[in-house]
Visitor: 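A single structure is presented below for examination.
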Amino acid sequence: MKILFIILDGLGDRPLKIFGGRTPLELAFTPNLDKLAREGICGLIKPVFFGPFPTSRDGHLALFGYNLKESLKRGPIEALGVGFQLKENDLAFRGNFASVDKKMRILDRRAGRISETKELISALNGFEIEKVKFFLKRGVSHRFALVLRGENLSEKISDGDPQKVGVFPLKIKPLDKSFSAYFSAKLINKFLEISHQILNEHPLNKKRKEKKLLPANYLLLRGAGIFKKMESFSKKWQKKACGIAGGAFYKGIIKALKMKLIPVSGATGRADTNLSGKVKRAISSLKKFDFCYLHIKALDIFSHDKDCLGEKRYLEKIDKAFSPLLKLKKTLIVITGDHLTPCLLGEHSKDLIPVLVYGKGKDKTKSFSEKECKKGSLGVIKANEFLKKIMIEN
Ligand code: ZN
Ligand code: ZN
């Protein structure tokens with residue numbers, strides 16, 4: 001049987017007073033999701049992660065059955081997603097253009113969400129320090145990926161982004177006693193210093209200052225990771241796989257696992273994405289592929305913005321776009337999230353994630369909600385055991 005595996009980023013929430021004790025998923029009018037749940041089976045997924053809360057990286061890799069410790073870090077995944085052709089042992093980061101004042105304090109972590117970064121990127125691209133080359137590529141708006149290529153690079157180094165304003169950017173520090181960690185940290189600090197000088201003097205930033213816009217004069221880096229090849233999804237699960245996503249990081253997941261990336265015009269990774277286009281492409285791709293991963297991002301964005309009503313409304317939008325799913329034959333449909341992002345919290349949480357599986361029998365679930373999933377026949381499954389369970393019994 002073919003599998004359509006849909007990840008609604010940040011799916012699921014907690015009961016809200018403003019919604020009369022219901023969650024956004026319970027309150028939202030979602031006849032299609034409810035029908036899929038009623039005619040399918042439901043359950044809860046226990047997230048697997050390191051650190052204080054699950055990230056999208058952890059959530060995705062665990063659901064796809066990969067060992068989190070052995071898998072790529074966020075930096076190289078993001079770099080693949082923005083279009084880098086990485087080589088083994090490249091060191092990659094994801095980053096933001098940020099604004100700092102004369103004393104080097106961070107004014108804005110996103111440089112006013114600048115979008116015109118092309119010239120800035122070219123001014124920094126191809127730099128070489130101690131025989132290590134630095135390459136940058138644009139991401140969406142203020143985002144970019146940075147890749148270092150050369151000898152003696154290590155991912156055992158800290159982030160440069162303090163994740164708040166009014167403070168100094170962090171110096172990159174080695175996280176172990178190896179020469180390569182020390183060397184990598186030293187190189188990057190040097191690059192950050194030089195790039196700050198270049199960016200500060202750049203005509204584009206001078207123009208921005210004249211227009212009273214924040215200058216993009218500093219690079220905040222995080223998610224350092226060394227690129228190494230991962231086992232392809234198709235080989236691991238013996239299924240010819242493809243993926244559809246708008247956001248760079250999720251495209252990076254598709255590339256890292258060597259699924260075929262299916263482009264969809266208007267897929268932005270934001271709330272304005274071409275939802276029905278993505279769903280239609282996912283369905284048609286199953287003619288050629290055995291497994292299709294479809295990522296939809298915006299619920300997570302609404303929740304980070306603490307916009308509970310936005311989350312509820314977007315669920316209704318998703319539901320409408322899902323109506324063609326009900327006509328799908330001989331296909332197992334999985335709908336779940338990579339982690340919860342409760343909208344009152346505005347951050348990811350460790351809560352159990354609702355999941356529905358359609359095309360594999362039926363339980364007593366009446367609708368798609370956190371509460372109903374708790375009663376579902378799938379029970380509670382650890383994220384990294386879920387796909388195996390579905391595949392074996394498929
Ligand atoms: Zn996520
Ligand atoms: Zn998130």
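One-based numbering along the sequence shown. Counting starts at 1 for both ligands and their atoms, in listed order.
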Visitor: Under 2.8 Å from the Zn ion (ligand 2), which protein N, O or S atoms do you find? Ignore water molecules.
Guide: Asp300 OD1, Asp300 OD2, His304 NE2, His348 NE2
Visitor: Show me the pairs that pass side chain to side chain donor-acceptor pair (under 3.5 Å) and involve residues 85-97, at least two apart or across chains.
Guide: Asp90-Arg149
Visitor: Return the set of residues passing side chain to side chain donor-acceptor pair (under 3.5 Å) with Lys73 (not counting sequence neighbours), or none when no residue passes.
Guide: Glu155
Visitor: Could you work out, with side chain to side chain donor-acceptor pair (under 3.5 Å) as the rule, every residue matching Arg281, not counting sequence neighbours?
Guide: none
Visitor: Hey, can you tell me if His304 and His348 have their rings parallel, tilted or perpendicular (30° and 60° cut-offs)?
Guide: tilted
Visitor: Cys pair Cys42/Cys373: SG distance under 2.5 Å?
Guide: no
Visitor: Are Met259 and Leu261 grouped together when hydrophobic residues (ILVMFWY) are joined by side-chain heavy atoms under 4.5 angstrom apart?
Guide: yes
Visitor: Which atom name would you report as the N, O or S atom of Asp338 nearest the Zn ion (ligand 1)?
Guide: OD2
